[in-house]
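For reference, the structure discussed in these notes is given below.
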Amino acid sequence: MPRSKAMLLLAVSFCLAASFSPCTLAAAAQGGKPLVTAITKDPVTSLYTSPLKDSCPLVLDLAGPLIWSTCSPKHPTLQCHHSDCAHAHSYHPPDCPHTGYGKADEEDRFRCRCTAHPYNPFAGKSATGDLTRVTLTANATDGTNTLYPVSFPAVASCAPASHLAKLPAGAVGVAGLASSRVALPAQVARTQKVAGKFVLCLPRSGGDGGVGVAIFGGGPLFLMTSTAPPAEHPVDLTSTLTHTSLLSKRGSPAYYLPVKAIAVDKAQVQLPGNPLATGGVVIGTTAPYTELRPDVYRPVVDAFDKALKLQSNSKRVPAVAPFELCYDSKTLPGPTRIGWLVPDIDLVLDGGKTNWTFGGLSSMVDVKNFTVACLGFVEMKKPKKEGYGRAPAVVIGGFQMEDHVLQFDLERKQLGFAKLPIFISCRNFNFTQSH
């Protein structure tokens with residue numbers, strides 16, 4: 001057996017074994033400290049995971065209203081009258097009609113056992129499973145280092161092993177990060193008595209095995225510089241954020257942004273109708289690259305290609321799936337530390353008061369051993385099942401969020417965002433425990 005396959009089987013076996021045994025970490029905190037966990041980008045699926053359940057990965061889903069995972073045969077169940085049972089049914093997948101909150105217990109027909117409907121957005125399928133309690137683990141943090149391990153209880157839905165389809169190898173479920181009482185951020189806020197906010201810093205793929213970082217319960221967030229010696233006065237990156245509103249859409253737990261227009265090279269793209277207002281712009285981690293609905297995609301892509309031709313002698317080359325616009329790297333200006341010098345793509349927020357700008361580092365994807373660079377925005381395919389709510393006009397994908405600090409403030413309904421400075425990466429959090 002090849003060594004890589006053997007290691008994978010060993011990792012999966014460890015996770016499955018751990019999921020059937022009680023958590024061994026003792027709760028070390030009495031509350032009040034934010035919790036930190038590492039984020040790893042899976043090279044096969046481009047999904048982001050954190051080792052939250054018995055040191056096994058849960059996939060991070062910004063639009064997920066639930067935590068769900070496989071369960072051991074013997075697991076506790078919540079009763080239908082439990083308040084969290086109602087919250088678990090706040091958002092219903094489209095193929096799961098309301099049939100009540102649960103079913104009669106097999107051993108006690110007078111007891112109603114709460115069931116939930118975990119949704120796998122990557123496979124486009126939902127399931128039915130008991131609502132249970134699990135133990136999750138992370139580390140307390142001061143924003144600079146880890147302090148001590150923390151175990152905490154969480155309400156989660158069980159799911160069959162078949163529901164893990166299309167998840168990264170070794171993953172045992174999904175950690176929903178949406179604005180829901182039974183999603184991970186709200187549960188951390190309650191159990192640890194911390195702020196109802198969380199920070200994501202998604203890592204880029206790399207051969208160094210680096211990982212990003214998530215902090216639940218507030219900030220600060222300090223990252224080491226990528227060069228030596230480290231900065232004498234590290235900056236709290238959460239203090240450098242630009243803020244915009246987080247919007248909600250009826251029937252959807254996802255985070256929507258108040259995008260009024262899209263601009264390419266500072267020129268507003270003319271879109272037919274009013275797709276940004278009617279469909280909305282959602283921020284998510286299920287799409288590897290930003291997806292644009294066809295009525296938005298074509299005008300944006302054409303505007304980018306036209307603007308690039310005006311400023312350079314770029315040469316188009318055949319498309320490289322899943323991208324359409326691809327260029328011979330030798331004909332592009334750059335590269336530089338801030339990426340290829342191509343036209344910026346701006347999301348115009350709050351009526352033009354704020355822009356979220358994607359420069360060459362966030363808009364261009366290097367392929368074919370860096371001989372070709374492609375625009376990392378793709379045309380949205382019509383989903384078989386649209387999940388929670390209607391399909392939006394734009395889904396901001398993981399690649400565009402990488403090496404950004406994103407702070408989701410659920411109390412103020414605000415998103416804080418900032419591109420990391422040069423020489424700093426999301427892979428530069430110091431996970432060494434302080435003494």
Side-chain angles (χ1 to χ4, degrees), residues 47-50 52-53 58-71 78 80 82-102 114-134 136 152-159 163-164 167 171-191 196-198 200 214 216 246-257 280 282-287 383 385-392 395-396 406 408-411 413 415:
L47 298 176
Y48 306 93
T49 66
S50 287
L52 291 163
K53 188 174 186 288
L58 294 180
V59 178
L60 302 179
D61 179 10
L62 274 171
L66 283 170
I67 303 168
W68 62 263
S69 70
T70 53
C71 292
L78 273 65
C80 295
H82 195 285
S83 60
D84 284 335
C85 185
H87 289 292
H89 286 261
S90 297
Y91 300 99
H92 229 56
D95 58 346
C96 282
H98 278 285
T99 57
Y101 287 170
C114 181
T115 57
H117 303 289
Y119 181 69
N120 182 333
F122 319 105
K125 295 181 179 180
S126 58
T128 299
D130 293 336
L131 198 65
T132 186
R133 292 191 184 278
V134 298
L136 302 181
F152 58 98
V155 172
S157 174
C158 293
H163 207 48
L164 302 177
L167 299 191
V172 296
V174 169
L177 304 181
S179 181
S180 160
R181 180 179 170 83
V182 288
L184 180 62
Q187 296 205 58
V188 172
R190 288 197 303 276
T191 61
K197 62 177 67 174
F198 64 99
L200 294 182
F216 297 93
L246 281 174
L247 307 179
S248 58
K249 187 175 180 181
R250 186 174 181 179
S252 171
Y255 300 107
Y256 286 80
L257 301 181
V282 66
I283 183 168
T285 48
T286 61
K385 298 186 178 91
E386 294 181 349
Y388 299 96
R390 295 173 53 197
V395 176
I396 301 173
L406 303 173
F408 295 79
D409 190 329
L410 307 184
E411 298 169 354
K413 299 186 185 305
L415 172 72

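What you are looking at is a predicted structure, and each value in this text was computed from that prediction instead of being measured. In what follows, every heavy atom counts, from backbone to side chain, and hydrogens, waters and symmetry copies are set aside.
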Start with the C-alpha distance between L58 and L184, add both sets of side-chain angles, then the distance that settles side chain to side chain contact (heavy atoms under 4.5 Å, CB included), and finish with yes or no. CA-CA 11 Å; L58 294 180; L184 180 62; over 6 Å; no
Under the side chain to side chain contact (heavy atoms under 4.5 Å, CB included) criterion, do L177 and T285 qualify, and how do the steps go? CA-CA 10 Å; L177 304 181; T285 48; 5.8 Å; no
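Shown here for Y91 and S180, the closest heavy-atom pair between the two residues is CE1-CB, 4.5 Å. Among all heavy-atom pairs drawn from A178 and A63, the shortest one is CB-C, 3.9 Å. When all heavy atoms of R181 and R190 are compared, the pair lying nearest together is O-NH1, 3.0 Å. Shortest non-hydrogen contact noted between K53 and V134 is CE-CG1, 4.0 Å. Considering every non-hydrogen atom in both L131 and D84, the closest pair reads CD2-O, 3.8 Å. Scanning all heavy atoms of the two residues, the minimum distance from A171 to L164 falls at O-CD1, 3.7 Å.
Here the side chains of V155 and R133 are in contact, with some heavy-atom distance below 4.5 Å. Using a 4.5 Å heavy-atom threshold, the side chains of L406 and I283 count as touching. No side-chain heavy atom of V174 sits under 4.5 Å from any side-chain heavy atom of P118.
Using bins of under 30°, 30° to 60° and over 60° for the plane-to-plane angle, the ring pair F198/Y255 lands in the tilted bin.
For the atom pair CG of L415 and NZ of K197, the computed distance is 12.0 Å after rounding to the nearest 0.5 Å. With rounding to the nearest 0.5 Å, the separation of CG in L66 from NE2 in H87 is 12.0 Å. Taking CZ from F408 and CG from L200, the interatomic distance works out to 5.5 Å, rounded to the nearest 0.5 Å. Atom-to-atom distance recorded for L47:CG and D61:CG is 9.0 Å, nearest 0.5 angstrom. Between E411 atom CD and S179 atom OG the span is 10.5 Å, to the nearest 0.5 Å. Taken from OG in S157 to CD1 in I67, the straight-line distance is 10.5 Å, to the nearest 0.5 Å.
Sulfur-sulfur distance for C71 and C158: below 2.5 Å, consistent with a disulfide. Distance check for C80 and C85: the SG atoms are not under the 2.5 Å cut-off.
Using modelled atom types, one side-chain atom of S252 and one backbone atom of A254 make a donor-acceptor pair closer than 3.5 Å. Proximity of a side-chain donor or acceptor of H163 to a complementary backbone N or O of W68 within less than 3.5 Å is not detected.
Evaluated for a side-chain contact (heavy atoms from CB on, under 4.5 Å) with V59, the options N120, T49, T286 yield exactly one hit, T49.
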